[in-house]
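Here is the structure we will look at.
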Amino acid sequence: MTLTRTTCPYCGVGCGVLAGADGTIKGDPDHPANFGRLCSKGSALGETIDLSGRLLAPQIGGEQADWDTALDLVASKFSEAVREHGPDSVAFYVSGQLLTEDYYVANKLMKGFIGSANIDTNSRLCMASSVAGHKRAFGTDTVPNTYSDLEQADLIVLVGSNTAWCHPVLFQRIAAAKAARPSLRVINVDPRMTATRDIADMHLRIRPDGDAALFNGLLAHLVANGHVDADYVAAHVNGFDAAVAEAQASTPTDSGLSTSELDAFYRLWAGTDKVMTLYSQGVNQSVCGSDKVNSILNCHLATGRIGKAGCGPFSLTGQPNAMGGREVGGLANMLANHLDIENADHRDAVQGFWESPTICTQAGLKAVDLFNACADGKIKALWVMSTNPAVSMPDADGVAEAIRNVPFVAVSDIMARTDTGDLADVLLPATGWGEKDGTVTNSERRISRQRAFLPAPGDTRPDWKIISDVAARMGWAEAFNYEGPADVFAEYVALSDAASGFARDLDLSVFADVDYANMIPRQWPDNDSRFFAEGRFYHADGKAKMLPITPPTPIAHTGFHLNTGRIRDQWHTMTRSGKAPKLGSHLAEPYVEVNPADAAALGLGLGDLLRLQSNEGRATFRALVTDRVAKGQLFAPMHWTRQKSSSGTVNSLVTPITDPTSGQPALKAGKVSAERMDAAWYGFAASTVEMEPTRPYAAIARTETGWQAEVAGMKCPTDWVAEARTVTGIAESEVAILEDPVTGLVRIALYSGKVLKALFFSALEPVQLSRRHAISLVGTETAPMTALAGRSAADQPDPGPTVCACFSVGLNTLRDAVANGANTVEALGEVTCAGTNCGSCKPELAALIAKARPAMAAE
Ligand SMILES: Nc1nc2c(c(=O)[nH]1)N[C@H]1C(S)=C(S)[C@@H](COP(=O)(O)OP(=O)(O)OC[C@H]3O[C@@H](n4cnc5c(=O)[nH]c(N)nc54)[C@H](O)[C@@H]3O)O[C@H]1N2
Ligand SMILES: Nc1nc2c(c(=O)[nH]1)N[C@H]1C(S)=C(S)[C@@H](COP(=O)(O)OP(=O)(O)OC[C@H]3O[C@@H](n4cnc5c(=O)[nH]c(N)nc54)[C@H](O)[C@@H]3O)O[C@H]1N2
Ligand code: SF4
Ligand SMILES: [Mo]
């Protein structure tokens, strides 16, 4: 089997992958981002490339259509809207999961030909505050460092980043560096205790949005204790005095940290030359995200700790091509190649290069405003590509309503059913990862190829092609007459050359005349490049700017503060990762972390459900009682959609308030009230067929044998068999039932002949049984009494919930191994294999061992 060299389609680490058409997936040992490693999501890619659920042909109004009809319709609707209502009456909402070539073509069509800048991207929800912070400080959106700096740093500060789960391969790289050189210190700044904290020497449990107060305090400390690099500042930095004055006027304890915690952090940071500050959504997704970014950049600029080996600020990008989108002008307020819409010379250069009839003259609508304009009826035609805003935007139900309000909506996706696709007039089937060719840029400015190793299924077409075909039908065939992605890439590189007179950071000249087919991963401007060690910033005078930052007054809610984010084994709205049974088994339903004190006050028992309500809407989650969240705070993942749950979409609750500078929404700061769901019954089902999440509480997930569902209802049904049929989706079958009138326990097995088609268990309290065992039985010939027992026979121990997704190792198996003396992560790996592939579960293994320790000592 020949393996194709490509790049992982998930996070911004940008790992190299060797992939085969039979689903073989290996880490690419030669890729400088991962040197052969992959995380659980990357390793499971082979499980997500089957064609189930795929959109394989265009659809118009839910009916299959041919490409010509669909493309004609999209083009005519956009042209008509532009003609009748002007260019700003149409909009594209695109994605950091588009390839650079797709992004380039979409951007060219909207900004240069339609003549509006109403093209924004989900990177607005992700990277906009970092972009704004970089532009304010550096004059352009530059990430100064490279991954190899992590191995050279003496202190790594992870701010608002759950690196262990969200950038796992990078995290393992940090962990390995620390193991090899224990003097390397790691500090984690997060209001929550996460798996990332497990390698940290210090966890600063900051108050939400306390970051600017924390870093302002650091700046004041650096000044007070003589740690400023006066020469660097004099030569390369403006705004020092004003920034310092504002820092000195602010109150570091507004961060929620004690003076001794602050002091320890400040001393360590001040006393370590090689310090890297890595940050992501805990910083960016905030009303003061850009200010948080600048408060961090201020400290690096004041000390000249930037762009040198082992030191600098490092914004970790989320999506595989978040960085590519920033480069190619995917945001509504940028032009391609880091050029500015506001600058007439830049506009002229781009228009001249494109030979386009027009060019947008002002920034377009940013994501939240864009959907507000949809709600207000100002947008007449909308095209969503490679993103699922009906789930991932704040006020997700309001956004769904807004999309419904747009007279014409096209959605390009790889899946037939998504919450956003369900609202479209036209669905356009895109080729997905493994089927298409192009490039992506990772967090360290490295451009890598994604390569096809599978044929394009059905009628699917690559995104750049779909966009070009529409452009041609709108009258611009010549400007969009690309033979393939190599053509598009070459044009993009040529634009960088044409714009080189503006002396921007973005210089793609190493890719001029590149052999696209055989291109190897390479950074711009070139490998191992760093920016700013010797100044040379991109403001007009060549200097950087420190900004005076005023921290916000500490958040004080009367209800709960709702923090949101990611889990280890799912990717965003789960359209792909949700297909892999392995990935679904780590955390199989929408949950909310609740502090034990709050749980007691709310009267929450084991496995209870919690209903949350905000001004925007409601949602219900399984309560996970843990001191990982502080009192008064909740944390819920962003992943569950209406396809996978009846009420688990967290963005139904989040208010769309934004950072005034970047337009990025404050997705980590929901304001909710909470109440225990007074369910009359709880159920669990394992079925051989896909179930619909229809009950007041319902969440479905893929399993090795079909599907599983967690459900709950407010009123006990009178006919349990009918209920079991509805929940499991098995309408016709023979039935075995066991009812316990005393406990209210109901167990139902549905058969087709001897084959167990589904199992349904319900109880008046949250159902306690081995899910894994029930799941293992469906689809097999298991006798009713065994099937209904609800637990495994003594000779088949239940492995418990999955901890290691790569090798499907369960909690019970691990506990047994620990009890039998495996008391290091390595020893556990030897006995059970857990943690020996991607390593993403190592923090959980360590926690398990630490937990077991006191008990062992007591023995
Ligand atoms: N497994 C997985 N990995 C992913 C993704 C995924 O969907 N699944 N998505 C990718 C994408 S697009 C992105 S953007 C990245 C995101 O990667 P991360 O930013 O690491 O992930 P999040 O879980 O969104 O948030 C990080 C942390 O911010 C903390 N936080 C919340 N409020 C604050 C605050 O006020 N201050 C501070 N200091 N911290 C705060 C949260 O508690 C959370 O632990 O992950 C990428 N990688
Ligand atoms: N509450 C809360 N909300 C958040 C966040 C948070 O932390 N908290 N994080 C935000 C962030 S950082 C991000 S990046 C967003 C992510 O949110 P989204 O971008 O909405 O999430 P995805 O599920 O990645 O959506 C990608 C879509 O593109 C489709 N797709 C996959 N490959 C292709 C392709 O090649 N072509 C096309 N046309 N389609 C394809 C997938 O099937 C899927 O429907 O969510 C944001 N929303
Ligand atoms: S860390 Fe995991 S998700 Fe991110 S690029 Fe690497 S393999 Fe893919
Ligand atoms: Mo993101």
Side-chain angles (χ1 to χ4, degrees), residues 78-79 81-94 103-125 127-136 139-141 289-290 325-385 402 406 467 471 474 476 479 495 498-499 502 504 506 538-540 656 658-665:
F78 272 79
S79 295
V82 171
R83 206 167 45 241
E84 287 176 14
H85 305 279
D88 289 332
S89 71
V90 300
F92 295 169
Y93 183 62
V94 302
Y103 241 138
Y104 178 87
V105 174
N107 191 54
K108 178 175 173 182
L109 172 57
M110 185 53 98
K111 288 179 179 151
F113 289 78
I114 291 175
S116 166
N118 283 347
I119 168 169
D120 209 31
T121 144
N122 63 0
S123 282
R124 182 69 58 196
L125 317 179
M127 304 314 310
S129 296
S130 281
V131 174
H134 286 159
K135 289 192 79 171
R136 293 199 298 193
T140 185
D141 175 25
S290 318
R326 284 154 72 167
E327 292 159 5
V328 86
L331 290 159
N333 51 323
M334 316 251 298
L335 284 176
N337 292 67
H338 284 186
L339 298 171
D340 295 320
I341 293 182
E342 290 77 17
N343 185 319
D345 295 334
H346 290 188
R347 288 198 306 265
D348 287 348
V350 176
Q351 184 176 4
F353 178 83
W354 279 341
E355 298 176 358
S356 64
T358 171
I359 188 95
C360 56
T361 51
Q362 56 185 26
L365 295 168
K366 297 178 180 143
V368 169
D369 296 334
L370 191 155
F371 287 103
N372 284 340
C374 292
D376 294 346
K378 294 191 188 112
I379 300 296
K380 309 295 179 194
L382 171 70
W383 189 353
V384 178
M385 306 176 204
V406 178
I467 303 160
M474 290 179 80
W476 303 301
L495 172 56
F502 298 117
R504 314 301 294 163
L506 188 84
Y538 294 92
H539 286 301
T658 56
D659 176 319
T661 308
S662 67
Q664 180 157 353

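As the structure is a computational prediction, the values presented were derived from the model and not from experiment.
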All side-chain contact (heavy atoms from CB on, under 4.5 Å) counterparts of [X], not counting sequence neighbours:
| X | result |
| --- | --- |
| A349 | F502 |
| T140 | T142, H338, R504, D505, Y538 |
| N343 | D340, D345, H346 |

Who are the salt bridge (Lys or Arg N to Asp or Glu O under 4.0 Å) partners of [X], not counting sequence neighbours?
| X | result |
| --- | --- |
| R136 | D291 |
| D659 | none |
| K111 | none |

Under the side chain to side chain donor-acceptor pair (under 3.5 Å) test, which residues partner W476, sequence neighbours left out?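 None.
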
Those residues that, when tested against T658, pass side chain to side chain donor-acceptor pair (under 3.5 Å) (two or more places apart):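 Applying side chain to side chain donor-acceptor pair (under 3.5 Å) to T658 gives none.
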
Please answer whether the main-chain N or O of [Y] pairs with a side-chain N or O of [X] as donor and acceptor at a distance below 3.5 Å.
| X | Y | value |
| --- | --- | --- |
| S662 | S290 | no |
| D88 | S116 | no |
| D141 | H134 | no |

Looking only at heavy atoms, which two atoms of [X] and [Y] are closest? And how far apart?
| X | Y | value |
| --- | --- | --- |
| Q664 | R124 | CG-O, 3.2 Å |
| A117 | A363 | CB-C, 3.9 Å |
| A479 | F113 | CB-CZ, 3.4 Å |
| Q351 | S356 | NE2-O, 3.1 Å |
| L109 | A471 | CD1-CB, 3.8 Å |
| N333 | I341 | C-CD1, 3.9 Å |

Spacing of [X] atom [atom1] and [Y] atom [atom2] [to the nearest 0.5 Å]:
| X | Y | atom1 | atom2 | value |
| --- | --- | --- | --- | --- |
| I114 | I119 | CD1 | CD1 | 9.0 Å |
| T121 | Y103 | OG1 | OH | 3.0 Å |
| Y93 | N118 | OH | CG | 13.5 Å |
| F92 | I467 | CZ | CD1 | 7.0 Å |

Could you give me the CA-CA distance, side-chain angles and deciding distance for M334 and N107, then say whether side chain to side chain contact (heavy atoms under 4.5 Å, CB included) is met? CA-CA 10 Å; M334 316 251 298; N107 191 54; over 6 Å; no

Expected list for residues 367-382: side-chain donor-acceptor pairs under 3.5 angstrom, two or more places apart:
{"unit_1": "N372", "atom_1": "ND2", "unit_2": "V368", "atom_2": "O", "d": "3.4"}
{"unit_1": "K380", "atom_1": "NZ", "unit_2": "G377", "atom_2": "O", "d": "2.7"}

Give a yes or no on this: more than 12 heavy atoms of other residues, nucleotides or ligands lie within 6.0 Å of atom CD of E355.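 Not more than 12 within 6.0 Å, no.
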
How far apart are the C-alpha atoms of C360 and L335, what are their side-chain angles, what is the distance that settles it, and do they pass the side chain to side chain contact (heavy atoms under 4.5 Å, CB included) test? CA-CA 9 Å; C360 56; L335 284 176; 4.2 Å; yes

Sequence neighbours excluded, which residues qualify as ring-ring contact (aromatic ring centres under 6.0 Å, His included) partners of F353?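 So F353 forms no ring-ring contact (aromatic ring centres under 6.0 Å, His included) with any residue.
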
Begin with the C-alpha distance, continue with both residues' side-chain angles, and end with the deciding distance and a verdict on side chain to side chain contact (heavy atoms under 4.5 Å, CB included) for K108 and V350. CA-CA 9 Å; K108 178 175 173 182; V350 176; over 6 Å; no

